[in-house]
Participant: 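Sharing a structure with you now.
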Amino acid sequence: MLELRLVQGSLLKKVLEATKDLVTDANFDCSATGFSLQAMDSSHVALVALLLRSEGFEHYRCDRNISMGMNLNNMSKMLKCAGNDDIITIKGDDGSDTVTFMFESPNQDKISDFEMKLMDIDSEHLGIPEAEYHAIVKMPSSEFQRICKDLSSIGDTVVISVTKEGVKFSTRGDIGTANIVCRQNKTVDKPEEATIIEMNEPVSLTFALRYLNSFTKATPLSESVTVSLSSELPVVVEYKIADMGYIRFYLAPKIED
Amino acid sequence: TCKQQKLSAFFGCK
């Protein structure tokens, strides 16, 4: 028996919008820790890891660990039927091949339930080791989104370099080149507007902008984003989900052929 | 030219 009641149902709607274009099918894992997901895109270049901790739910009942295979496009279709202010409850029974999403309007005058078919997904779970990163950049998520979008109109890849000067995003394409440098800036009104660069060692890595642009669909989940870089490691782009957990995207770098 | 690496080059199976 599984019953998870999320008062801020819009979070789940936003999570689906952030993941459904990257991953088609995924197993949602439910345990005492929380509701989680780990899935790779079809080309095994990018990975999404989601955690919504059990404490973040108003009611969290998960009698035993359960994995539910869902088609994210279909799940998104169902969650789009929930209002932004609705409370969402996820219900499942042991051995059942369906999951139920229940939506309650804030004043309880409308209650809907949508039953979705589950699927068997043979997913590869990767072990992601804890790593020391050479540089960690925290910046406003809207700024990161803007940079990725702007650069993708010029080139297909971005070189992200962190030095003591700041973080530089560079691209080149048929029409020319572009460089955007963001310097550390802590003198802002709100902490989420700050750009904070922690650098242990300078680092420079190349990534496909197509994937980074896809990651920025998580922007509505958090006002700031953390980009962790280490040479010879996939970049981690993390959006914290207030009081609940995170959505992290991993992307393998491109190397000189 | 740049070659796209795969995640399996970095992360092992659990």
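Note on naming: letters A, B, ... go to the chains in the order of the sequence lines (proteins, then strands), and numbering restarts at 1 for each one.
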Participant: Could you measure the distance from the OH atom of Y211(A) to the CD atom of Q4(B)? Nearest 0.5 Å is fine.
Facilitator: 6.0 Å

Participant: Any idea which heavy atoms bring V45(A) and Q5(B) closest together, and the distance?
Facilitator: CG2-O, 3.9 Å

Participant: Heavy atoms only, distances under 4.5 angstrom: which of T206(A), L233(A), T157(A) has the most pairs with chain B? Name it, please.
Facilitator: L233(A)

Participant: Do K6(B) side-chain atoms and S43(A) backbone N/O form a donor-acceptor pair below 3.5 Å?
Facilitator: yes

Participant: Take atom CG of D156(A) as the centre, draw a 6.0 Å sphere, and report whether it contains more than 12 heavy atoms from other residues, nucleotides or ligands.
Facilitator: no

Participant: Can you tell if the side chain of L126(A) reaches within under 4.5 Å of the side chain of L7(B), non-hydrogen atoms only?
Facilitator: yes

Participant: Give a yes or no on this: more than 12 heavy atoms of other residues, nucleotides or ligands lie within 6.0 Å of atom NZ of K138(A).
Facilitator: no

Participant: Is there side-chain contact between E256(A) and C2(B), with at least one heavy-atom pair below 4.5 Å?
Facilitator: yes

Participant: Can you establish whether the number of heavy atoms outside D122(A) located under 6.0 Å from its atom CG is more than 12?
Facilitator: no

Participant: Measure the spacing between CZ of F11(B) and CD of Q38(A) and express it to the nearest 0.5 Å.
Facilitator: 9.0 Å

Participant: Do F10(B) and P129(A) make a side-chain contact, defined as non-hydrogen atoms from C-beta onward lying under 4.5 Å apart?
Facilitator: no

